Amino acid sequence: MDYVIIGYMNSGKHEGKCGINLYHYDSITDMSTEQAFIESDNSYQILNSGFSQFIYETADRILYLMIDGTLIRMNLEDMSSETIMSEMSDSQFAVSNSGRYLSYIDSDEIGSTIYIIDLEQDKRDTISAVAGSYLIPLTYMGDDLIYGEVYANSI
C-alpha cells in the first residue's frame, strides 16, 4: 500500500521540514519505506490547500500529483520528474473517479481542444471543437468524460 503524508515532518531524515512525503507500506515486513519527498517552503495550511487531492501512481511506478495547479510526473525508480502543466485552475481540468484519466484545456475558461491523458499507459488523446464552438471538461462519470460545448455566437 502506498500513502502520502503532507505537512511538517516531525521525525526521520526530513525532520523539521515541510513537504509531501510518499511512503510504501509492506505488510509482510510490517515496514514503511519512503519513496519520494517533495520539500516546500510553505506552511502545512498553504501546502494542504494547494494540494488538490489528485495523486495517482501507475503500475510502472510513475507518480502524478497536482500541487497549486501544477501537474508533476515523477518516476519513482530514478526519481526524475517533469512538469506537465502549470498554472491550472480547478475549472480547467477534470479527473476520473479512478484517477487514471485526466482531461484539461489550455485556457482558463473554454478552449477549442480538450486534451485527455491515460496516466496508466501514458497515452494522450484529444477532442476538438467544431468550427465556431468551444469545449470545457466538466467532470467524469466513472471513467467517462462529461464535457460541455458552447457556440461562440452564444457567448
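As a basis for the values below, the full set of heavy atoms in this structure was taken, side chains included, without hydrogen atoms, waters or symmetry mates. Keep in mind that what you see is a predicted model, and the values were worked out from it rather than measured.
The nearest pair of heavy atoms linking Ile72 to Ser81 is CG2-CB, 4.3 Å. Shown here for Ala36 and Leu76, the closest heavy-atom pair between the two residues is CB-CD2, 3.9 Å. When all heavy atoms of Thr126 and Thr113 are compared, the pair lying nearest together is CB-CG2, 3.8 Å. When every heavy atom of Gly111 is checked against every heavy atom of Ile105, the shortest pair comes out as N-CD1, 3.9 Å. Nearest heavy atoms, Glu87 versus Gln92: O-OE1, 3.6 Å.
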Run Tyr56 and Leu63 through side chain to side chain contact (heavy atoms under 4.5 Å, CB included) and show every step you take. CA-CA 6 Å; Tyr56 185 80; Leu63 178 72; over 6 Å; no
Worked check of side chain to side chain donor-acceptor pair (under 3.5 Å) between Ser80 and Asp78: CA-CA 6 Å; Ser80 62; Asp78 63 12; 2.7 Å; yes
Pair Asp118, Arg124 - check side chain to side chain contact (heavy atoms under 4.5 Å, CB included), show working. CA-CA 6 Å; Asp118 177 346; Arg124 297 163 195 256; over 6 Å; no
Could you give me the CA-CA distance, side-chain angles and deciding distance for Tyr25 and Asp2, then say whether side chain to side chain donor-acceptor pair (under 3.5 Å) is met? CA-CA 6 Å; Tyr25 173 74; Asp2 292 331; over 6 Å; no
Should Tyr115 and Asp106 be marked as a side chain to side chain contact (heavy atoms under 4.5 Å, CB included) after you check the CA-CA gap, both sets of side-chain angles, and the distance that decides it? CA-CA 9 Å; Tyr115 302 93; Asp106 286 333; 3.4 Å; yes
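Taking OG1 from Thr58 and CG from Leu119, the interatomic distance works out to 8.5 Å, rounded to the nearest 0.5 Å.
Not counting sequence neighbours, the partners of Thr29 by the side-chain contact (heavy atoms from CB on, under 4.5 Å) test are Asp26, Met31. Applying the ring pair (Phe, Tyr, Trp, His ring centres under 6.0 Å) criterion to Tyr134, with sequence neighbours excluded, gives no partner residue. For Tyr64, the ring pair (Phe, Tyr, Trp, His ring centres under 6.0 Å) criterion is met by no residue, not counting sequence neighbours.
Ile28 belongs to no multi-residue hydrophobic cluster, having no ILVMFWY side-chain contact under 4.5 Å with any other such residue.
For the pair Met74/Met79, a side-chain contact is recorded, criterion being any heavy-atom separation below 4.5 Å from C-beta on. Side-chain contact between Glu149 and Val130: present, with at least one pair of heavy atoms (C-beta onward) separated by less than 4.5 Å. Using a 4.5 Å heavy-atom cutoff, the side chains of Ile116 and Leu102 are not in contact.
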Can you give me every donor-acceptor pair (side chain of residues 135-147, partner residue at least two apart or in another chain, under 3.5 Å) with its distance?
from, atom 1, to, atom 2, distance (Å)
Tyr140, OH, Ser103, OG, 2.4
Asp143, OD1, Ser96, OG, 3.3
Asp143, OD1, Ser98, OG, 2.9

Per-pair distances, 0.1 Å, donor-acceptor, side chain in residues 13-23, under 3.5 Å, sequence neighbours excluded:
from, atom 1, to, atom 2, distance (Å)
His14, NE2, Glu34, OE1, 3.0
His14, NE2, Glu34, OE2, 3.0
Asn21, ND2, Tyr23, OH, 3.1
Asn21, ND2, Glu34, OE1, 3.3

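For Tyr3, the OH atom counts as densely surrounded, since its 6.0 Å shell holds more than 12 non-hydrogen atoms of other residues, nucleotides or ligands. The environment of CD in Glu82 is crowded: more than 12 heavy-atom neighbours from other residues, nucleotides or ligands sit within 6.0 Å.
One hydrophobic cluster, built from ILVMFWY side chains closer than 4.5 Å, holds both Ile62 and Tyr104. A continuous path of Ile, Leu, Val, Met, Phe, Trp and Tyr side chains, each step under 4.5 Å between heavy atoms, connects Ile84 with Met88, placing both in one hydrophobic cluster.
Electrostatic pairing of Arg61 and Glu77 counts as a salt bridge here, judged by a charged N lying under 4.0 Å from a carboxylate O.
Using modelled atom types, no side-chain atom of Thr83 and backbone atom of Met85 make a donor-acceptor pair closer than 3.5 Å.
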